Amino acid sequence: QVQLVESGGGLVQAGDSLRLSCAASGITFTNYAMGWFRQSPGKEREFAAAISWSGGSTNYADSVKGRFTISRANAKNTVYLQMNSLKPEDTAVYYCAADRSLSFRTATNKDEYDYWGQGTQVTVSS
C-alpha cells in the first residue's frame, strides 16, 4: 500500500526554521518526482516546492523561493523541505505528494500528483 507520512511540523516564531520530512513506502521512490503543497483553512491547496526523481531539478513557488529548500534522499525514500525565515503567512498544513511523471518535470499543479500524505501542521506566530 502506498503511504506518504509527513513529520516535522510544529509551532515556531517568525524568523525561525523548520525541516519537514516525508517518508514514502509502497512505491519505487526513484520513479517519482516529489512535491510539497500547503493549505490554509478556507483556501485552495497551493504549490510550494517540487523536486525531480533524480534530485537534479527543483521548482519553487515565488512565495517561498529563497527561503525554502527541497531535497531528497533516495536511499531513505524520503523528501525534505527545509524552511527558513518563516513568516506567519507560511502557516498551513503541509502535504507531501508523489508524481509518477517518468520525466524530469517538477509539476506545480496538484492534479498532476498521484499520491498524497495526510499533512503536518506548521504554525508561525508573529
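Because the structure is a prediction, the values reported are computed rather than measured.
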### Query
Which is it for Tyr115 and Ile27 under the side-chain contact (heavy atoms from CB on, under 4.5 Å) test, yes or no, and what are the steps along the way?
CA-CA 10 Å; Tyr115 301 106; Ile27 61 172; 4.2 Å; yes
### Trp53, CH2 atom: more than 12 neighbouring heavy atoms under 6.0 Å
no
### Query
Under 3.5 Å, side chain of Asn31 to main-chain N/O of Arg100, donor-acceptor pair present?
no
### Message
According to a hydrophobic-cluster definition based on side-chain heavy atoms being under 4.5 Å apart (Ile, Leu, Val, Met, Phe, Trp, Tyr only), do Ile51 and Phe68 belong together?
### Response
yes
### Message
Between Asp114 and Asp99, is there a side-chain heavy-atom distance shorter than 4.5 Å?
### Response
yes
### Message
Looking at Glu44 and Lys110, is any side-chain nitrogen of the basic one under 4.0 Å from a carboxylate oxygen of the acidic one?
### Response
yes
### Task
Find the distance between CZ (Phe47) and OG (Ser63) and round it off to the nearest 0.5 Å.
9.5 Å
### Task
Kindly compute the distance separating CE (Met34) from CG (Leu4), expressed to the nearest 0.5 Å.
5.0 Å
### Task
Under the side-chain contact (heavy atoms from CB on, under 4.5 Å) rule, what do Ser101 and Glu112 come out as? Steps first, then yes or no, please.
CA-CA 8 Å; Ser101 66; Glu112 299 292 339; over 6 Å; no
#### Entry: Side chain proximity check, Gln82 to Ser17, heavy atoms < 4.5 angstrom
yes
Side chains of residues 87-95: which donor-acceptor pairs under 3.5 Å do they make with residues two or more places apart or in other chains?
| from | atom 1 | to | atom 2 | distance (Å) |
| --- | --- | --- | --- | --- |
| Asp90 | OD1 | Arg38 | NH1 | 2.8 |
| Asp90 | OD1 | Arg67 | NH2 | 3.0 |
| Asp90 | OD2 | Arg67 | NH1 | 2.7 |
| Asp90 | OD2 | Arg67 | NH2 | 3.4 |
| Asp90 | OD2 | Lys87 | N | 2.8 |
| Thr91 | OG1 | Pro88 | O | 2.9 |
| Thr91 | OG1 | Val124 | N | 2.9 |
| Thr91 | OG1 | Val124 | O | 3.4 |
| Tyr94 | OH | Arg38 | NH1 | 2.9 |
| Tyr94 | OH | Asp90 | O | 2.6 |

#### Entry: Neighbour count >12 (heavy atoms, 6.0 Å) for atom CG, Asp111
yes
### Query
Quick one: are Thr108 and Asn59 in side-chain contact, heavy atoms under 4.5 Å?
yes
#### Entry: Test item: Leu86 and Leu18 side chains (from C-beta on) under 4.5 Å apart, heavy atoms
yes
### Task
Report the residues that fulfil salt bridge (Lys or Arg N to Asp or Glu O under 4.0 Å) with Glu6, sequence neighbours left out, ordered by chain and then residue number.
none
### Task
Identify whether Val2 and Tyr32 are in the same connected component of the hydrophobic contact network (ILVMFWY, side-chain heavy atoms under 4.5 Å).
yes
### Summary
Taken to the nearest 0.5 Å, the spacing of Ile70 CD1 from Trp36 CH2 works out to 8.0 Å
### Query
What do you reckon, is CD of Glu46 surrounded by more than 12 foreign heavy atoms closer than 6.0 Å?
yes
### Query
Quick one: does Ser25's side chain get under 4.5 Å of Asn77's, heavy atoms only?
no
### Task
Would you please name every residue forming a side chain to side chain contact (heavy atoms under 4.5 Å, CB included) with Ala97, sequence neighbours left out?
Phe37, Tyr113, Trp116
### Task
Could you verify whether a donor N or O on one side chain and an acceptor N or O on the other, from Thr30 and Asn74, lie under 3.5 Å apart?
no
### Task
Measure from NZ or CZ of Arg72 to the centre of the six-membered ring of Phe29, then state whether that distance is under 6.0 Å and the direction lies within 45° of the axis.
yes
### Task
Could you check Thr78 against Cys22 for side-chain contact (heavy atoms from CB on, under 4.5 Å), going step by step and ending with a plain yes or no?
CA-CA 5 Å; Thr78 300; Cys22 172; 5.7 Å; no
